2 protein chains.
Amino acid sequence: MSRREEAKTFNRARICAAAESIIRSEGMDNLTMRRLAVVAGVSLRTPYNLFGSKTDVLIALLDEAVFKFTQLGSARADGAAMARILRALEQIETFFDSDETYYRGIYAAIMNSDHPEVRSTNVDRAVASAYVLMTHAISNGELRADTDAQSLGRHLAITLLAVLGMWGSGFFSNRESMAQVRRAWLAMMLQHCSETSRPMLAAAYSNPNDIGG
Amino acid sequence: MSRREEAKTFNRARICAAAESIIRSEGMDNLTMRRLAVVAGVSLRTPYNLFGSKTDVLIALLDEAVFKFTQLGSARADGAAMARILRALEQIETFFDSDETYYRGIYAAIMNSDHPEVRSTNVDRAVASAYVLMTHAISNGELRADTDAQSLGRHLAITLLAVLGMWGSGFFSNRESMAQVRRAWLAMMLQHCSETSRPMLAAAYSNPNDIGG
DNA sequence: AATATTATTGACACATGTTATAAAAATACT
DNA sequence: AGTATTTTTATAACATGTGTCAATAATATT
C-alpha cells in the first residue's frame with residue numbers, strides 16, 4: 001500500500017473512531033459533519049473525500065459491527081442447520097444487548113437515510129447466508145428434498161431484515177424483535193421440514209424460551 | 001364549528017391538496033415547505049401552524065389514503081376470517097397498484113422521517129384489526145380454540161408492517177411484498193388452524209396465485 | 001532535486017426544515 | 001362599534017448536509 005493509501009486508511013479510521021466516540025458520548029443527534037470534523041481533527045471536507053457522505057460513514061461503522069458479529073458467530077458454526085439458524089438469532093440478540101443504543105442508533109440512521117442502495121447490500125448478504133443454511137439443511141435431511149432453498153432462504157432473510165427495520169426505529173426491544181423473527185421462522189420451517197426435524201421445531205414453536213437445539 | 005376553525009380546516013385541506021399535487025406533478029423531491037407554501041397560496045409558517053411539521057403533512061396524506069382504502073375494504077367484510085385476511089392483502093396490492101408512486105412516496109417519506117411516534121399509531125391500527133379478525137376466526141372454528149388471538153394478531157400485523165417498511169424503501173414491488181406477507185401469514189395460520197380450514201390454507205400455501213377462498 | 005499528481009484545507013455558498021419576532025389581518029367578545 | 005384574542009404573514013435567522021473552488025501541503029514520478 002502506498003503512503004497515500006496508508007494515510008487515507010489512517011484518516012478513515014480516525015474519522016470512524018471519532019464518529020463512534022461522538023455517538024457514544026454525545027448521542028446520535030450530535031453527530032454532525034462539522035462536529036465530526038472537529039473531533040477527528042480533520043477538515044469538514046475530508047470525510048466527504050474519504051467516505052462520500054454522512055451515511056457512508058455510518059455504513060462503515062455498521063460494517064465494523066457486522067464484522068465483529070460474524071467473528072463471534074463463526075466460532076460455533078457446528079451442528080444442524082435448523083439449530084444453527086435459531087442460535088444465530090440468539091446471538092444477534094446477545095450482540096445487540098451488549099451495546100444496544102449504539103447499534104440501534106447507527107442502524108436506524110442508515111435505514112432512515114435516503115440512500116436506498118445501502119439496504120440492497122444488506123439484504124444480499126443476509127439472503128446469501130440464509131441460502132447456504134437452507135441447502136445445508138436440505139442435504140442434511142432436515143428440510144424436505146422438494147424445498148426450494150433459494151426461495152425459502154430469501155423469505156427467511158427478508159423476514160429478519162424487515163423486523164430489524166422496525167427494531168431500528170425503536171419500535172420494540174431486542175427480545176421482542178427476535179421473538180417475532182423466531183416465531184415466523186419456525187412457522188415457515190415447519191412447512192418445509194422433514195419428519196426428523198419436526199419434533200424439535202414444533203417444540204421450539206410451542207416454547208418461546210426454548211432454543212430448540 | 002367557529003369561523004376560525006372552519007378557516008383552519010379549509011387551509012389544511014388546501015395544503016394537503018397542494019402537497020398531493022406537488023408530489024404527483026413534480027415528484028417527492030420537489031415537495032419542499034417553501035414550494036408547498038407557494039402552491040397552497042399560504043405563508044411558509046402556516047403549514048407549521050396547522051400541521052406541526054412536514055412529516056405531519058405527509059401523515060395527513062397517508063390518513064386520507066388509509067381512509068380511502070378502508071372504505072373499499074368494508075364493502076366486502078363478509079365470509080370466513082381466513083379468506084378475508086388473505087383478501088385484504090390482495091386489496092392492499094390492488095390499492096397500491098392503482099397509484100404506486102404516490103403511495104410508496106408518502107409511505108417512504110414518513111418512515112424515513114425521524115418522527116418515531118408515527119409508526120406506533122400505524123401499528124396499533126393494524127394490530128387492532130388483526131385481533132378482531134383472529135377472535136372472529138376462533139369463534140368461527142377456523143382457528144383452534146387454544147389460539148392466543150392477541151399474540152397471533154399482533155404477530156401477523158407486525159409481519160405486514162415490517163414488510164411494508166421495506167416496500168416503502170422501494171426494495172420490492174407491490175406484488176413481491178404481498179407475496180412475502182402472504183406466505184408468512186399462511187405458514188403462521190397453518191400452525192393454529194383447525195382441521196376444517198387446514199386444507200384451504202395448505203392449498204393456498206402451495207399455490208402462490210390462489211387467493212385461498 | 002525538480003516537477004507532476006493527488007489529498008487536504010479553508011472559506012464560502014446553497015437548499016432545506018425549522019424557529020423567532022413583530023406586524024397585519026381576521027375573528028370573537030362585550 | 002370598539003376592544004381583545006387568535007391566526008396568518010413577512011422577514012430574517014439558524015443548523016445541517018452537501019457542493020464549489022482555489023490554495024496548500026503531501027506524495028509520486030522523472
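Heavy-atom basis, side chains included; hydrogens, waters and symmetry copies ignored. Owing to the predicted nature of the structure, the values given are computational and were not obtained by experimental measurement. So you know, we letter chains A, B, ... as the sequences are listed, proteins then strands, and number each from 1.
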So does A:Met82 get a backbone contact from the side chain of A:Glu142, meaning a donor-acceptor N/O pair under 3.5 Å?
yes

A:Arg87 and A:Glu90 ion-paired at < 4.0 Å
no

To the nearest angstrom, the CZ-P distance between A:Phe51 and C:dT8 comes to 11 Å

Test ring pair (Phe, Tyr, Trp, His ring centres under 6.0 Å), reference A:Phe95, set A:Tyr102, A:Phe69, A:Tyr107, A:Phe67, output is A:Phe69

Of the listed nucleotides D:dG19, C:dA20, C:dG17, the one nearest the side chain of A:Arg45:
D:dG19

If the cut-off is 4.0 Å, is A:Lys8 near the phosphate of C:dA7, judged by side-chain N/O to OP1 or OP2?
yes

A:Asn112 CG to D:dG17 C1', in whole Å, measures 16 Å

Rounding to an integer number of Å, can you tell me how far B:Asn30 CG sits from C:dA15 P?
13 Å

What integer distance in Å separates B:Met33:CE from D:dC14:C1'?
16 Å

Please work out if B:Leu36 contacts a base, only the sugar-phosphate, or nothing of the nucleic acid, heavy-atom cut-off 4.0 Å.
nothing

State, yes or no, whether a side-chain contact exists between B:Leu156 and B:Val181 at a heavy-atom distance under 4.5 Å.
no

Does one side chain, of A:Asn174 or A:Ser177, offer a donor that lies under 3.5 Å from an acceptor on the other?
no

Interatomic distance where CD belongs to B:Glu6 and P belongs to D:dT8 [whole Å]:
14 Å

Hey, is the side chain of B:Arg4 pairing donor to acceptor with the base of C:dT27 inside 3.5 Å?
yes

Which nucleotide in the set C:dT9, C:dT18, D:dT8 lies at the smallest distance from any side-chain heavy atom of B:Asn49?
D:dT8

Would one find a side-chain N or O of B:Ser2 under 4.0 angstrom from OP1 or OP2 of C:dA28?
yes

Pick base, sugar-phosphate or nothing for A:Arg3, based on heavy-atom distances below 4.0 Å to the nucleic acid.
sugar-phosphate

Assign each of A:Glu5 and B:Leu44 the nucleotide of DNA chain C bearing its closest heavy atom; nearer the 5' end lies the nucleotide of A:Glu5

OP1, OP2 of D:dT8 versus side-chain N and O of B:Asn11: anything below 4.0 Å?
yes

Closest nucleotide of DNA chain C for B:Arg34 versus for B:Ala7: which of these residues is on the 5' side?
B:Arg34

Nearest-angstrom distance from the residue atom CG of A:Leu50 to C1' of C:dT6
12 Å

Quickly work out the A:Tyr48 OH to D:dT16 P distance and round it to whole Å.
11 Å

For the pair made of CG in A:Leu31 and P in D:dG17, what is the distance, rounded to whole Å?
7 Å

Does C:dT9 have its OP1 or OP2 closer than 4.0 Å to a side-chain nitrogen or oxygen of A:Thr46?
yes

